[in-house]
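This report concerns only the one structure given below.
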Amino acid sequence: MNIKIRKATEKDAPLLAAAMIESSRSGKGKGLFDVVFNTNDTKVLQARLEKLTTTQTKSYCHYTNFLIADVDGSYAGTLCGYEPRLSTHEIFTKAMAELGCDGSYEQRLASYRLVEPQFDKKTFLLDFMSVHTDYHEFSILKELVQKSLLTARLKGYRMVQTMIEIGSVEVLIVYKKLGFEVIDERRSAQYEEEYGRPGIVRLQIHL
């Protein structure tokens, strides 16, 4: 299998949007973006997220933060890697405003805020891990993560973290195989009631 890793382009917006929906729902019927945009209509979310990945404001969801894995010219998976010190909450709010969304989504994220990890400015963050069903998950993710770690190292970072929902067993196993260790977890009954999972676990690897 010939795996090639490349930077995402604006043309990849449909793939990135689909990956964000899949990753955020994590096998459940409801994910973070369902709450942000106040809809569980996948077609509506797809359209909104395609626009979010291509806004003038470069939030953490912007296509420039994504890597794409191709196998023999076909899409195989994606991974987002970004710098929290640059892709701040304020930047995300500005990007949302470009879509015509006011700040009301903030109130809907109350339960998420209860378990949201706080990331150090010296940390590089990975998110939205997704692999096409036609391919072996670990092989694709290994290449995507290794390329992301190299990017982080070249930017001067010595610590990379990611967060996944408690109960996302397969994703947890993949990250552990790649050298990540669990550093903490945050649980909330309110979060579990809304999202169907107990909370968030954070993993870390030193470069």
Side-chain angles (χ1 to χ4, degrees), residues 16 18-36 40 45 49 59-61 65-67 69 77-89 92 105-106 108-131 133 136-153 157-207:
L16 305 182
M20 290 163 69
I21 294 171
E22 177 193 345
S23 176
S24 64
R25 287 178 174 172
S26 191
K28 313 182 310 300
K30 186 178 185 180
L32 185 66
F33 292 111
D34 297 82
V35 176
V36 168
N40 61 0
L45 286 180
L49 289 172
S59 73
Y60 75 102
C61 299
N65 291 322
F66 285 81
L67 292 176
T78 189
L79 182 64
C80 176
Y82 66 95
E83 301 171 79
R85 68 182 183 87
L86 299 178
S87 300
T88 62
H89 173 69
F92 181 76
Y105 76 92
E106 287 279 5
R108 296 193 293 273
L109 291 178
S111 64
Y112 173 73
R113 298 296 183 208
L114 294 174
V115 299
E116 181 183 24
Q118 299 301 311
F119 296 101
D120 190 283
K121 290 183 178 180
K122 296 179 181 179
T123 300
F124 190 83
L125 191 61
L126 303 183
D127 206 346
F128 306 130
M129 174 189 281
S130 179
V131 174
T133 54
H136 186 264
E137 186 175 64
F138 184 74
S139 299
I140 303 298
L141 293 180
K142 180 180 179 181
E143 295 296 326
L144 284 166
V145 170
Q146 287 182 340
K147 181 65 174 179
S148 296
L149 297 183
L150 176 59
T151 298
R153 191 178 294 112
Y157 289 92
R158 293 296 175 264
M159 185 166 59
V160 177
Q161 295 181 357
T162 189
M163 58 180 177
I164 61 174
E165 284 186 311
I166 297 171
S168 298
V169 179
E170 292 182 2
V171 180
L172 180 63
I173 290 173
V174 168
Y175 272 121
K176 283 186 173 181
K177 281 185 177 180
L178 293 172
F180 283 76
E181 296 180 347
V182 174
I183 56 172
D184 61 34
E185 62 177 46
R186 301 182 69 176
R187 295 172 178 261
S188 164
Q190 188 176 334
Y191 181 90
E192 185 170 14
E193 182 179 353
E194 183 159 25
Y195 295 96
R197 293 281 172 80
I200 298 291
V201 60
R202 184 165 50 151
L203 297 100
Q204 176 177 283
I205 188 170
H206 289 280
L207 302 180

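Numbering starts at 1 and runs along the sequence shown.
- Between the CG atom of Leu79 and the CG atom of Asn65 there is a distance of 10.5 Å, given to the nearest 0.5 Å.
- The structure places OG1 of Thr78 at 10.5 Å from CD of Glu22, a figure rounded to the nearest 0.5 Å.
- When atom types are taken as modelled, the side chain of Arg187 and the backbone of Pro198 share no donor-acceptor pair closer than 3.5 angstrom.
- Arg186 and Glu116 get closest at one heavy-atom pair: NH1-O, 2.7 Å.
- At least one side-chain heavy atom of Lys142 sits under 4.5 Å from a side-chain heavy atom of Leu178.
- Residues Asp34 and Arg25 are in side-chain contact: their nearest non-hydrogen atoms beyond the backbone lie under 4.5 Å apart.
- Residues Glu194 and Tyr112 have side chains that never bring a donor and an acceptor to within less than 3.5 angstrom of each other.
- With rounding to the nearest 0.5 angstrom, the CD atom of Gln204 is 4.0 Å from the CD1 atom of Ile183.
- Summarising the local packing, CD of Glu106 is surrounded by more than 12 heavy atoms from other residues, nucleotides or ligands at distances under 6.0 Å.
- Looking at Leu172 and Val182, their side chains come closer than 4.5 Å, going by heavy atoms from C-beta outward.
- Put simply, the side chain of Ile200 reaches to within 4.5 Å of the side chain of Glu165, judged on heavy atoms.
- Smallest separation of non-hydrogen atoms from Phe33 and Cys61: CZ-SG, 4.1 Å.
- Looking at heavy atoms from C-beta onward, Ser168 lies in side-chain contact with Arg197 at the 4.5 angstrom threshold.
- Within the 4.5 Å cutoff, no side-chain heavy atoms of Ile173 are placed close to those of Glu170.
- At a threshold of 4.5 Å between non-hydrogen side-chain atoms, the residues Leu126 and Phe180 count as touching.
- Here the closest heavy-atom approach between residue Phe124 and residue Gly81 is recorded as CZ-C, 3.5 Å.
- Ser23 places no side-chain N or O within donor-acceptor distance of the main-chain N or O of Ala19, the cut-off being under 3.5 Å.
- The 12-atom threshold is exceeded at NZ of Lys28, counting heavy atoms of other residues, nucleotides or ligands nearer than 6.0 Å.
- Ser26 has its side chain out of reach of Ile164: every pair of non-hydrogen atoms, C-beta onward, lies at least 4.5 Å apart.
- Rounding to the nearest 0.5 Å gives a distance of 8.5 Å between CG of Leu141 and OG of Ser130.
- Between Ser111 and Tyr195, the shortest heavy-atom distance links the atoms OG-CE1, 3.4 Å.
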Are Leu32 and Leu109 close enough, and set up right, to give a side chain to side chain contact (heavy atoms under 4.5 Å, CB included), and what steps lead you there? CA-CA 8 Å; Leu32 185 66; Leu109 291 178; 3.4 Å; yes

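- Looking only at distances, a side-chain donor or acceptor of Ser24 sits under 3.5 Å from a matching main-chain atom of Ile21.
- Going from atom OH of Tyr175 over to atom CE of Met163 covers 10.5 Å, rounded to the nearest 0.5 Å.
- Residue Leu203 holds its CG atom at 7.5 Å from NZ of Lys176, rounded to the nearest 0.5 Å.
- Pairing each heavy atom of Leu207 with each of Ala152, the nearest pair is CD1-CB, 4.0 Å.
- Residue-environment remark: CD (Gln146) exceeds the threshold of 12 foreign heavy atoms within 6.0 Å.
- Taking both residues in full, the closest heavy atoms of Tyr60 and Phe66 are given as O-CE1, 4.3 Å, listed atom of the first, atom of the second, then distance.
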